[in-house]
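Residue numbers start from 1 in every chain, and the chains themselves are labelled A, B, ... in the order their sequence lines are given, proteins ahead of strands.
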Number of protein chains: 4
Amino acid sequence: MNTVIPRRRKEARPGELAAAALELFVERGFAATRLEDVAARAGVSKGTVYLYFENKEALFKSAVETAMMPALEAAEALADESERPAAELLRCFVMGWWQMIGTNTIGGLPKLLVAEAGNFPEMAGWFYESIMLRAKRAMARIIELGIRRGEFRPVEPELAARVVFGPMFSYILWQRAFKTFMHDLPSPERYLGEAVNLLTHGLANSDAAKDATP
Amino acid sequence: MNTVIPRRRKEARPGELAAAALELFVERGFAATRLEDVAARAGVSKGTVYLYFENKEALFKSAVETAMMPALEAAEALADESERPAAELLRCFVMGWWQMIGTNTIGGLPKLLVAEAGNFPEMAGWFYESIMLRAKRAMARIIELGIRRGEFRPVEPELAARVVFGPMFSYILWQRAFKTFMHDLPSPERYLGEAVNLLTHGLANSDAAKDATP
Amino acid sequence: MNTVIPRRRKEARPGELAAAALELFVERGFAATRLEDVAARAGVSKGTVYLYFENKEALFKSAVETAMMPALEAAEALADESERPAAELLRCFVMGWWQMIGTNTIGGLPKLLVAEAGNFPEMAGWFYESIMLRAKRAMARIIELGIRRGEFRPVEPELAARVVFGPMFSYILWQRAFKTFMHDLPSPERYLGEAVNLLTHGLANSDAAKDATP
Amino acid sequence: MNTVIPRRRKEARPGELAAAALELFVERGFAATRLEDVAARAGVSKGTVYLYFENKEALFKSAVETAMMPALEAAEALADESERPAAELLRCFVMGWWQMIGTNTIGGLPKLLVAEAGNFPEMAGWFYESIMLRAKRAMARIIELGIRRGEFRPVEPELAARVVFGPMFSYILWQRAFKTFMHDLPSPERYLGEAVNLLTHGLANSDAAKDATP
DNA sequence: CATGAATGAGTTTTCATTCAT
DNA sequence: TATGAATGAAAACTCATTCAT
């Protein structure tokens, strides 16, 4: 009688569970997320979780890893289309990154990993190095290119890249954490667009390069 | 000097407990923090916490509120010293903000509130509006000033202010969350200095303002 | 016959727990009863209680309600067999009430509710009105019948009914509370029989009805 | 500066504490009564209780004993005024007992001891034997007298005495436990008066002594 | 494979009891 | 004596984990 929708799946289960788990972990944090709620969201029962994952921590790690995979691959591909002007590459990188991260579930990872860094240092370290550092290097390469071509001023590429990530990272966190009460949250296009503009051209009016603290 | 075994501290205790609690909440999150550890860090026993706080949640709120008070006051004072050039005001704001926030325990609040926004929405909302929004407006006033004086390009002040906060916010979170494995974390002076430079002058070389937003 | 280790008892459990709880609550009172003891008496572990009841108070209320149900139903049925003489009806009522209440777990309710009336006023009120008041009215109806038929003197039925309940109520409490050290506790038959005799015929010798209330 | 009302007392303290304690114990039971509340009601601080009483149990026992003393003495005195008719003696006993018990704090003892009999058996036994048994015997003596004089029918005095106590005991418990929601609680005079009437003259109309289950 | 009842270790919370002042 | 801050044992409650079905 209760043979309603089952059958098929099985292969899909771990992924569905990891996805459901990620959503809740992002929303509530590791400790505050109940496995029963994860199971419910994935449409299975509590016990089923343990058929696919050793324990809560394993589920957590798996959820994070699963979400990171595509990001990891994509992070690489973003850089080397060196034909176009550096400023344009930079804009593309920022916007492309948003397409990839912002919309997706992956967008929750930064919030989750900031929150749990203290409790899962290895995982945080791994995330930092394989995603953030990698993305930063890709960005640095664009900046280097710009400098080499004379399009950009001779800044330190790594440091500048990190600065460029500031608004991107902030936006993704703000949007996750404070969306509800930010009645003034600008759209990603507006915010990130303006960020690129400012980072490329600066606030200063283009009459003479005044004091720049040399 | 007052090295007697400190008992009977009615006045001091709530503050000590709130401070100890904040440290642990920032480090581990709300759910993962054991009240007994908070008590131990404050040098008292489990039961003492309940002499001063209704329950764990009340302690949490009190810890956050206590930490926010000085920030709230300081957030106002930062803006109106309109004599100096706007770029300099902006730099001062960023650096001053770091002095106030970065060093201090308060610096943990953004991490904590990003992490717990989902579980304590009212508190997150309150934090966002009384600290972040207020700081953003102060920054916007500086930018407006710069525009009025012709020192800055005619950008949208509120939006630009938000962008300026991006790197500040990111730095404070990175530093809290990933410090341990960021073998390359730039000093605040270097990072924030560069951020101010880029935001003021842009990456672009000062030969002609190429078209950015086509 | 079902002597397998009884796990998976979803249907039976709430009732078993409520019954075990009632026994202990009656014996020790609400506050002095440990949930772990209730669980042990029901043959389950601490945590299981929370599978079926929100918290200790909910268990308490449920235990009382569960026990009251049969009493509630029976309380109604006791009255209207108007053929026999009123004195006989009264005797039957008292004896029947003892059969129903005295033997059973329900017999503990009066003790429990007297003890906890201050802490659970709504529950005590509910018990008073749905059990005691109802039973009193049933008794009053018998007395009214007796008066109408000229078998009883013209007393106030409600007041007299309440008096009749005095010994019944007392007996059930004495028996619960002081049984252990009442080396002289009369059997219910003896005590209640004598109570009925006295209430029907009085102590006074049947030579002239002296003035009692002058 | 805070020499407001103190001085004098000291001798009074234990009694005041015991009285305050009794009130709360009666209302809430032993376990549910917090020593801090007792102290507050007696107008002293928590620690002071331990100046006069070993611990909570000692306070409990002391509170009960203190309240029982007068009852113990009075219980004896009530009986032997053998001049008046037995029915009148009985009425006086019941009414006098109410004067002594009902009004007073002592009136709470039955409720308290019924509630705590399971947890404090020795105390309950002591109460039962020194108060209830003694009072029952006093009553039995009155009944014996009535029988000897031919005023009462030849009943078993001890058993009849116990029955007589039924309504008295019930009334004192009902009144304590259910007063709040008994919108129909008869006055003690009415209830006890009627009880005496019924027990003396019976419900039955004085035409022939019908079936009395011989 | 899947379920969900049951478990018990780990936390929160309460409050009798102590003790420095 | 009196106080009330502090303690810690004990009880309530939660939830990850197990396992019979």
Side-chain angles (χ1 to χ4, degrees), chain A residues 2 6-7 9-10 13 31-40 43-59, chain B residues 4-13 31-39 42-59, chain C residues 4-13 31-39 42-59, chain D residues 2 6-7 9-10 13 31-40 43-59:
Chain A
N2 53 4
R7 212 86 44 89
R9 290 184 158 165
K10 296 188 180 174
R13 277 286 151 75
T33 297
R34 295 170 26 175
L35 244 25
E36 191 158 9
D37 291 343
V38 172
V44 298
S45 79
K46 224 179 345 165
T48 304
V49 177
Y50 286 84
L51 253 33
Y52 299 102
F53 302 94
E54 186 82 17
N55 53 31
K56 193 181 182 183
E57 198 167 324
L59 172 61
Chain B
V4 261
I5 302 97
R7 303 197 58 176
R8 329 202 113 256
R9 309 280 308 277
K10 188 162 197 187
E11 256 68 292
R13 278 288 141 74
T33 297
R34 293 172 31 196
L35 242 25
E36 193 156 9
D37 291 343
V38 172
V44 298
S45 80
K46 223 178 353 160
T48 302
V49 176
Y50 288 88
L51 249 37
Y52 300 100
F53 302 94
E54 188 85 14
N55 52 33
K56 194 181 179 182
E57 196 167 324
L59 172 62
Chain C
V4 262
I5 301 96
R7 303 196 58 174
R8 329 201 113 258
R9 310 278 311 275
K10 188 162 195 184
E11 256 69 292
R13 278 288 140 75
T33 297
R34 292 174 30 196
L35 243 25
E36 193 156 11
D37 291 345
V38 172
V44 298
S45 79
K46 221 177 358 160
T48 302
V49 177
Y50 289 89
L51 248 38
Y52 300 100
F53 301 95
E54 187 85 15
N55 52 32
K56 194 181 180 183
E57 197 167 324
L59 172 62
Chain D
N2 53 3
R7 212 84 47 89
R9 290 182 160 167
K10 296 191 180 172
R13 277 285 150 78
T33 296
R34 295 171 25 178
L35 244 25
E36 191 159 7
D37 291 343
V38 172
V44 299
S45 79
K46 223 180 345 167
T48 304
V49 176
Y50 286 85
L51 253 32
Y52 299 102
F53 301 95
E54 186 82 15
N55 53 30
K56 193 182 182 184
E57 197 167 324
L59 172 62

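The A/Y50 side chain lies nearest to F/dT18 when the options are E/dT13, F/dT18, E/dA2. Proximity note for D/L51 (side chain, C-beta onward) versus E/dA5, F/dA2, F/dT17: the nearest is F/dA2.
With C1' as the reference atom, F/dT21 and E/dC1 are 13 Å apart, rounded to whole Å.
Between the side chain of C/K46 and the base of E/dG10 there is at least one donor-acceptor pair of N/O atoms closer than 3.5 Å.
The side chain of D/R13 places no N or O atom within less than 4.0 Å of a non-bridging phosphate oxygen (OP1 or OP2) of F/dT1. For the pair B/S45 and F/dA6, the criterion of a side-chain N or O lying under 4.0 Å from OP1 or OP2 is not met.
Using a 4.5 Å heavy-atom threshold, the side chains of D/L35 and D/L59 count as touching. Residues B/R13 and B/L51 fail the side-chain proximity criterion, which asks for heavy atoms closer than 4.5 Å.
For the pair C/N55 and B/T48, both in contact range of DNA chain F, the more 5′-proximal nearest nucleotide belongs to B/T48. Sequence order on DNA chain F of the closest nucleotides to A/R34 and D/V49 puts D/V49 first from the 5' end.
Between B/L35 atom CG and E/dG10 atom C1' the separation is 13 Å, expressed in whole Å. Going from atom CG of D/D37 over to atom P of E/dT14 covers 13 Å, rounded to whole Å. Going from atom CD of D/E36 over to atom P of F/dG4 covers 10 Å, rounded to whole Å. Whole-Å rounding puts the D/F53 CZ to E/dT18 P distance at 15 Å. The separation between C/L59 atom CG and F/dC13 atom C1' is 13 Å, rounded to whole Å.
For F/dA16, the paired base is E/dT7 (Watson-Crick or G-U wobble, both distances below 3.5 Å). In a base pair of the Watson-Crick type (N1 to N3 plus N6-O4 or O6-N4) or a G-U wobble (N1-O2 and O6-N3), with each distance short of 3.5 Å, F/dT21 is matched with E/dA2.
Interatomic distance, NZ of B/K46 versus CD of B/E36, reported as 5.0 Å (0.5 Å rounding).
Within the nucleic acid shown, C/Y52 comes within 4.0 Å of sugar-phosphate atoms alone, with no base atom in reach, counting heavy atoms only.
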